[in-house]
Amino acid sequence: MSSAHTTPSAPRSLAEALRARDDASLAALLRSRPDLITPVPTDLTQLATRAGTRASVLRALERLDRFALQTAEALAVAPDPASYGTLLGLMAGDAGEAGVAAALPRAVATLREQALVWGDDERLRLVRTARELLAPTPQHPSPTGLGPTVQEATSGMSPGRIQEIVTTAGLTTTHDSVSAVAALTALFTHRGKMAALLADAPEAALEVLSRLVWGPPYGQVTPEPAAHLRWLLDRGLLLPTAPGTVVLPREVALHLRGGRAHREPEPLPPAVEPAAVHGPQVVDATAAGQAYTALATVEELLKDWDEGGPAVLRAGGLSVRDLKRTAVALDVSEPVAAFWVELAYAAGLLASDGEADERFAATPGYDEWLEQPAAERWARLAEAWLAATRTPGLVGGRDAKDRTLSALGPGLDRSAASEVRHRVLTLLAGLPHGAAPGAESVLARLRWERPLRGPRTDDDLRSRLARWTLEEAELLGVTGRGALSAHGRALLGMPAAHGATAPAEPAGPGDKLPVHHHHVPPAAEPLPGPERAAAAAAAARLLAPLLPEPLDHVLLQADLTAVAPGPLRRPLADVLGVLADVESKGGATVYRFTPASVRRALDAGRTAADVHAFLAEHSRTPVPQPLAYLVDDVARRHGHLRVGAASAYVRCDDDALLNEILADRRAAALGLRRLAPTLLATRSDPAALLEGLRAMGYAPAAESAEGDVLIARAHAHRTPPRTAPEPVPDGPPAPDSTLLGAAIRAIRAGDLAATAPRKPSGDRPAGGELPRTSSAETLATMQAAVLTGESVWIGYVNAEGSASQRVIAPIRVEGGFVTAYDHTADEVRTYPLHRVTGVAELAED
């Protein structure tokens with residue numbers, strides 16, 4: 001079996017391997033590892049050096065799937081270099097597992113593409129930094145569970161002791177330790193001889209080996225080990241590493257394992273299996289209903305904060321008490337309330353107002369959002385959620401300094417959040433329309449695609465992000481009953497599903513769909529801005545027909561309630577929200593009329609006639625007599641008392657009513673005194689006096705200094721214009737095709753300048769140093785190149801003092817400047833001759 005990737009002449013370094021690649025292969029490398037072109041390398045040698053730095057290699061390893069990482073781990077314990085056959089043996093074992101053998105070429109190709117492995121199939125080399133990170137050491141055990149080689153474990157052992165081990169193992173003594181270690185290694189790697197050696201081992205010794213074979217390979221022994229341990233130590237099957245500590249050599253472990261480096265190679269990703277199947281129409285309708293609920297919830301949240309929301313904590317964010325109040329107001333749990341608050345913030349609908357007494361409030365963008373059609377409003381929320389890196393699920397947890405993480409506060413950004421959300425939804429999109437996977441099935445797939453380097457836990461960040469994604473997608477209406485909706489699929493930029501195998505009727509949890517276990521590569525990065533906006537618009541178009549049409553009527557009941565059988569048009573909903581209190585929500589919203597709610601409408605400037613006309617116009621049932629009486633009764637008393645500033649006063653044409661107020665014990669706290677038969681004054685401010693009289697059951701109206709009734713209209717507090725928070729990227733952004741093309745041209749040209757053969761000259765430096773020539777020689781060579789049309793190699797120092805090598809084709813030399821086509825920059829440039837350090841002719845080949 002071959003990895004199907006060989007080169008005519010084996011490269012001697014990673015730089016040579018990169019030099020042999022075509023532009024498409026280099027573009028794929030730079031796209032998958034964007035840190036390599038930040039900034040753009042000057043040539044391929046610098047690119048190779050950067051690809052081998054610890055930070056870059058670590059990031060590349062963390063983005064490998066499990067099998068590719070297992071392959072890299074196997075190369076780290078293989079000889080350097082290793083042949084493809086040796087690697088195949090480590091991965092598939094002596095039995096040659098067919099699935100592993102079939103998947104290995106892809107894994108090797110992935111490592112080559114990522115510039116983590118170079119060389120042909122006879123000399124595969126893992127990048128040195130990757131080997132250092134993955135090779136086993138006592139401080140950092142390998143995920144393979146293997147220990148050091150015989151050569152490494154015996155490096156500090158005395159020559160006499162090594163010869164004793166060789167003799168006891170049945171080998172001929174040698175004249176030096178090097179050949180003795182080589183003989184012992186050959187014995188341990190020979191399957192037949194090792195089987196014969198272990199056939200004579202005591203049963204207890206074999207049991208010790210079985211405990212160490214899959215790791216960790218280290219064990220403890222006493223100064224006087226038992227007989228079965230002494231048998232192992234005398235034959236080198238266990239080797240001492242420190243006083244009281246022994247290790248199982250790598251070659252012995254591989255023999256006991258049947259040649260396999262890993263206990264459980266995982267060549268194929270676990271399938272995402274459906275846990276339940278529903279009809280596509282049921283899924284879309286359920287998701288659309290939840291999408292409408294999401295819009296109503298965000299509106300309710302921001303309407304509650306319309307006149308200025310909770311105060312901003314000194315450290316930023318929402319206090320625990322205010323989050324609890326918000327959860328009660330929305331009738332949801334605190335984690336769900338944190339999600340809605342963060343979603344509105346991510347969509348740019350709320351922010352802090354920046355005042356001295358800083359508070360959260362709606363932004364001007366909220367008013368624009370309210371004017372959009374419902375489907376477009378949902379698309380804006382969903383688009384913001386998909387791209388956001390702020391993570392509401394972290395609210396209530398602790399940061400690295402043991403400080404509580406608060407909603408809308410700092411420390412909630414996790415750069416992997418957007419990528420995980422996108423990937424989870426993409427996995428759902430891979431199932432037939434209507435199929436809902438189990439959460440554990442999705443998590444297992446994600447762990448295979450991005451395995452943790454270390455012990456596996458269910459509490460790692462990516463697993464939590466995936467769980468939160470499934471919950472939030474359902475809350476937002478991207479999914480319905482756990483399955484991806486049609487508008488959710490469009491949100492990812494995918495076409496509508498065709499040929500779905502889901503049944504037309506909802507299926508039970510026990511129903512299964514056929515699952516394909518072929519390899520599915522991870523999805524591409526989340527869509528860029530313009531494409532993301534187009535996908536959101538497509539999602540809105542699919543969602544719009546599924547949303548209920550707003551109604552222009554309610555059903556008035558005799559018990560002073562109004563039932564809205566569906567969503568109401570905005571003007572009707574706004575007026576009814578002032579005139580009545582919401583009593584219950586759900587498929588139908590119930591509003592209750594109370595004296596306080598009717599007075600609220602009158603305070604807002606409406607008259608009793610206005611209220612009667614409004615009710616008659618928008619009710620499909622006759623206006624009940626109790627409701628008409630309630631409106632008239634409140635209106636008759638409304639404004640009968642007038643409150644102004646004395647600090648405050650109460651005036652009324654009916655002096656008997658003022659006598660009644662003064663006689664009431666509840667008025668004692670207001671400090672009222674009579675100034676005239678129709679006038680009472682107090683030290684309280686007008687707002688407190690209004691509140692006090694209303695608490696006593698009266699319906700006073702405020703008046704201005706001119707004696708006019710003040711209309712108490714709701715004041716919508718808005719922040720200054722604010723932009724939505726920018727997502728925190730997971731490392732450098734992926735370069736677009738334009739940047740990639742320019743970067744590759746620059747790297748190729750710089751490499752040409754660095755590696756172009758020069759004509760030999762005794763007075764010119766060798767290697768990568770800049771050429772040095774006199775001014776006269778530089779001018780003469782340039783002029784000759786203009787006549788012959790040949791390219792030359794120059795050293796150049798720019799105005800900032802940075803030196804570089806360039807290959808140019810001079811076009812014109814005059815006035816102390818040379819105009820030339822610069823192969824390095826791929827354009828015509830003009831250079832001052834006094835900044836050219838020297839010039840050299842290129843060799844004819």
Side-chain angles (χ1 to χ4, degrees), residues 304 306-308 556-562 574-583 591-616 623-715:
D304 190 45
D306 211 27
E307 297 184 34
L556 295 177
Q557 309 287 325
D559 60 351
L560 298 181
T561 60
D574 290 343
V575 175
L576 195 58
V578 175
L579 184 58
D581 298 321
V582 176
E583 188 170 81
Y591 295 85
R592 178 163 294 280
F593 299 94
T594 65
S597 69
V598 174
R599 184 176 62 241
R600 188 169 62 225
L602 298 176
D603 286 345
R606 291 188 176 270
T607 65
D610 293 338
V611 174
H612 285 301
F614 171 80
L615 295 175
V623 179
Q625 196 174 51
L627 179 56
Y629 285 166
L630 174 65
V631 173
D632 290 337
D633 184 53
V634 174
R636 184 171 56 253
R637 295 185 293 126
H638 186 266
H640 195 43
L641 295 177
R642 301 295 181 90
V643 173
S647 296
Y649 63 85
V650 182
R651 70 179 181 88
C652 181
D653 296 334
D654 186 355
D655 58 349
L657 182 56
L658 295 184
N659 290 334
E660 180 185 327
I661 293 173
L662 286 173
D664 196 322
R665 291 182 179 180
R666 293 174 296 175
L670 299 176
L672 292 167
R673 61 190 179 89
R674 189 184 292 274
L675 297 181
T678 59
L679 185 64
L680 300 180
T682 179
R683 293 188 300 273
S684 302
D685 61 85
L689 182 55
L690 277 167
E691 189 66 30
L693 292 174
R694 285 172 178 166
M696 292 167 62
Y698 299 100
E703 73 176 18
S704 66
E706 292 77 22
D708 300 323
V709 175
L710 288 175
I711 304 298
R713 301 186 187 278
H715 173 63

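Not measured: the values here are computed from a predicted model. Throughout, residue positions are numbered sequentially from 1 according to the sequence presented.
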Exercise. Do you know which two heavy atoms are closest between Ser597 and Arg592, and how far apart they sit?
Worked result: OG-O, 4.1 Å

Seminar exercise, completed: Note: Asp632 and His612 closest approach over all heavy atoms is OD1-NE2, 2.7 Å

For this session: Would you check if Thr594 and Leu560 make a side-chain contact, meaning some heavy-atom pair closer than 4.5 Å?
Result: no

Exercise. Can you check side chain to side chain contact (heavy atoms under 4.5 Å, CB included) on Leu579 and Leu615, steps first, answer last?
Worked result: CA-CA 10 Å; Leu579 184 58; Leu615 295 175; 3.9 Å; yes

Exercise. Between the main-chain N or O of Pro700 and the side-chain N or O of Arg599, is there a donor-acceptor pair closer than 3.5 Å?
Worked result: no

Exercise. Taking C-beta and beyond as the side chain, do Val611 and Val598 meet within less than 4.5 Å on heavy atoms?
Worked result: no

Exercise. Atom OG1 in Thr561, atom OH in Tyr591: separation rounded to 0.5 Å?
Worked result: 12.5 Å

Exercise. Can you check whether Val575 reaches Arg606 side chain to side chain, under 4.5 Å on heavy atoms?
Worked result: yes

For this session: For Pro624 and Leu556, work out which heavy atoms get closest and say how close.
Result: CD-CB, 3.7 Å

Problem set entry | Residue from Asp610, Val634, Thr607 passing side chain to side chain contact (heavy atoms under 4.5 Å, CB included) with Leu602 | Val634

Problem set entry | Between CG on residue Asn659 and CG on residue Asp664, distance to nearest 0.5 Å | 12.5 Å

Seminar exercise, completed: Shortest non-hydrogen pair, Pro677 vs Leu658, comes out as O-CD1, 3.6 Å

Name the atoms and distances for all side-chain donor-acceptor pairs under 3.5 Å in residues 691-699, with sequence neighbours left out.
from: Arg694; atom 1: NH2; to: Asp603; atom 2: OD2; distance (Å): 2.9
from: Tyr698; atom 1: OH; to: Glu660; atom 2: OE2; distance (Å): 3.0

Seminar exercise, completed: In this structure, CG of Leu679 is separated from CZ of Arg651 (nearest 0.5 Å) by 8.5 Å

Exercise. To the nearest 0.5 Å, how far apart are OG1 in Thr678 and CG in Leu657?
Worked result: 11.5 Å

Seminar exercise, completed: Heavy-atom closest pair (Tyr649 atom, Leu689 atom, distance to 0.1 Å) is O-CD2, 3.8 Å

Problem set entry | Shortest non-hydrogen contact from Ala702 toward Leu690 | CB-CD1, 3.8 Å

